[in-house]
Q: 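Questions regarding the structure given below will be posed in turn.
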Amino acid sequence: MIIYGKQLFLHLLNRHPQKFIRIILAKECEKEIFKKIAATGVKIERADAKKAQALARGGNHQGFLAEVEEFSFGDLASVKDDKFVPILYGLTDVGNIGAIMRSAYALGADSVIVVANNLNMAGVVRASSGAAYELNVVKAADGLSVLNELKQSGFEIYAASAGGTSFKELELGAKNALVMGNEEEGIPARALKKCDCAVSIKMREGWDSLNVSAAFAILCDGILNGRNKREAK
């Protein structure tokens, strides 16, 4: 898997250097950064602008590229003791998935479940600015089975859906899962029926929706802060 961009490259360099297979530099870099790169013992290649652009498929590589190990996914059993698990049900935009993972990690989630048949993990990792590497990411093809297993493990499952209960009014369980649906079609009806409650964000000025990653950040913070406040009592 090829990753590129200075921020993502430095994240791996500082926190996961063992994931590098080869390092590709398309410009000179600061001496301190180069020392860290050399200290990994990983082969360093130089690339001209044309080759770097081809490897980055036209993306903004900023002179930093690398081949890294394929992304390692967790299994569903690994989330069963978590207190909060986001479920991304049929999301397709890697920018949204990556942004959600970044918020999930920043706000205190341990895992993220992605219900999808195909997942461009290189794009997700880049969009998350490396946060995907700090999470236990589970990929599953059958979302209904995921919901069934989580319910059997004691999770309260909330669906992000218009017209639901305000997240500020939720009576949270000990273990909670939040389902975010597809950018255009939302959560499938069969999956929605398996959820314990629909939750929504109060809108003003006649607005009817938010980008899914923005909505997730608000709901995630509300659920995690609500849980923390309750535990502090």
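Sequence positions, counted from 1, serve as the residue numbers for this chain.
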Q: Which residue, Ile157, Val85, Leu76, forms the side chain to side chain contact (heavy atoms under 4.5 Å, CB included) with Val146?
A: Leu76
Q: Do you know the tightest heavy-atom contact between Val179 and Cys195?
A: CG2-SG, 4.1 Å
Q: Go through Glu45 and Arg22 one step at a time and tell me if the salt bridge (Lys or Arg N to Asp or Glu O under 4.0 Å) criterion holds.
A: CA-CA 7 Å; Glu45 298 179 12; Arg22 64 184 173 120; 3.0 Å; yes
Q: Does the distance from a Lys or Arg side-chain N to an Asp or Glu carboxylate O, for Glu149 and Lys80, drop under 4.0 Å?
A: yes
Q: Please report the shortest heavy-atom distance between Ala26 and Leu65, naming the atom on each side.
A: CB-CD1, 4.3 Å
Q: Counting only heavy atoms not in Glu184, do more than 12 sit closer than 6.0 Å to its CD atom?
A: no
Q: Side chains of Glu134 and His16, heavy atoms from C-beta outward: is any pair under 4.5 Å?
A: yes
Q: Taking the six-membered ring for Trp, are the ring centroids of Tyr133 and Tyr105 within less than 6.0 Å of each other?
A: no
Q: Among Ile218, Ile223, Leu224, exactly one meets side chain to side chain contact (heavy atoms under 4.5 Å, CB included) together with Cys220. Which residue is that?
A: Leu224
Q: What distance separates Ile97 CD1 from Thr92 OG1, expressed to the nearest 0.5 Å?
A: 7.0 Å
Q: Please round to the nearest 0.5 Å and tell me the distance separating atom CD of Gln62 and atom SG of Cys29.
A: 12.5 Å
Q: In terms of heavy-atom contacts, does CG of Asp81 have more than 12 from other residues, nucleotides or ligands at under 6.0 Å?
A: no
